[in-house]
Amino acid sequence: MSSATPAEVLAQRRHLILNRDIGGFVDLFAPDAVIEGPFTGPPGTPMRLEGREAIREYSRRVMASPLQLEEFEVVELYQTQDPEVVIVEMRTKGTMTTTGRSFVATSIQILRIREGQIVLFRDFADSRVLEGVIREARPESLR
């Protein structure tokens, strides 16, 4: 049982993601955590992950991809009336290493953080940014 605040959990998440620490990142999630991306993302992106092991497998694939994250910034953090639920405005900057193209993606995230662990994470991102970057990285024959 951790007494970490949502802001502390989010700061840990940022540090772990930027340092490509998959194990530490996944450990921020409860064993039965759920990640939802209600909007369709780039091809192959699941709309729902259930459980820490599914999150671990997906995180490994993302970290092995040519997307290199350089900044992962909490622009605003809003506390709701429910002390476990926060709403986060995020800005993510990165580069597609295969093409050198930089990108900036914004999203709204809703998280339920209980006893220092993320139990629900909903990401409302503008997937068009990543779709464009990924499409450029694909060989012409696969577009």
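Small disclaimer: the values here were computed from a predicted structure and weren't measured.
In this structure, the side chain to side chain contact (heavy atoms under 4.5 Å, CB included) partners of T5, at least two apart in sequence or on a different chain, are A7, E8. Listed by chain and number, the residues in a side-chain hydrogen bond (donor to acceptor under 3.5 Å, both in side chains) with R52 amount to none (sequence neighbours excluded). Applying the ring pair (Phe, Tyr, Trp, His ring centres under 6.0 Å) test to F72 and every residue at least two apart in sequence or in another chain returns nothing.
Just one of D82, T80, I118 meets the side-chain contact (heavy atoms from CB on, under 4.5 Å) condition when paired with R112; it is D82.
Closest heavy-atom contact between P66 and T98: CB-CG2, 3.7 Å. Between P6 and P83, the shortest heavy-atom distance links the atoms CG-O, 4.4 Å. Closest heavy-atom contact between F29 and Q117: O-NE2, 3.5 Å. Closest heavy-atom contact between R20 and A64: NH2-N, 4.4 Å.
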Acceptor/donor pairs from residues 21-28 side chains to any protein atom, 3.5 angstrom cut, sequence neighbours excluded:
from, atom 1, to, atom 2, distance (Å)
D21, OD1, G23, N, 3.4
D21, OD1, G24, N, 2.8

Listing, residues 86-93 side-chain donor-acceptor contacts under 3.5 Å, not counting sequence neighbours, or none:
from, atom 1, to, atom 2, distance (Å)
E89, OE2, Y78, OH, 2.5
R91, NE, E73, OE1, 3.3

Discussion item. Working note: F121 + Q109, criterion side-chain contact (heavy atoms from CB on, under 4.5 Å); need CA distance, chi angles, decisive distance, verdict.
Written reply: CA-CA 7 Å; F121 170 46; Q109 300 173 348; 3.5 Å; yes
Worksheet item: Taking it one step at a time, do E50 and E36 satisfy side-chain contact (heavy atoms from CB on, under 4.5 Å)?
Response: CA-CA 9 Å; E50 295 183 41; E36 295 178 339; over 6 Å; no
Worksheet entry | Test log, rule side-chain contact (heavy atoms from CB on, under 4.5 Å), inputs L67 and F103 | CA-CA 10 Å; L67 288 174; F103 65 91; 3.8 Å; yes
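Going from atom CD1 of I35 over to atom OH of Y58 covers 8.5 Å, rounded to the nearest 0.5 Å. Atom CD1 of I108 and atom CZ of R122 lie 14.5 Å apart (nearest 0.5 Å). Atom CD1 of I17 is separated from atom CD of Q12 by 11.5 Å, given to the nearest 0.5 angstrom. Atom-to-atom distance recorded for T99:OG1 and M96:CE is 6.0 Å, nearest 0.5 angstrom. Summarising the geometry, atom CD belonging to Q79 is positioned 7.0 Å from atom CG belonging to L77; distances are rounded to the nearest 0.5 Å.
Side-chain heavy atoms closer than 4.5 Å link hydrophobic residues (I, L, V, M, F, W, Y) into clusters, and following such links, even through other members, never connects V85 to V119. With hydrophobic clusters built from ILVMFWY side chains whose heavy atoms lie under 4.5 angstrom apart, V104 does not share a cluster with V75.
Grouped by direct or indirect side-chain proximity (heavy atoms under 4.5 Å, Ile/Leu/Val/Met/Phe/Trp/Tyr only), L120 sits with V34.
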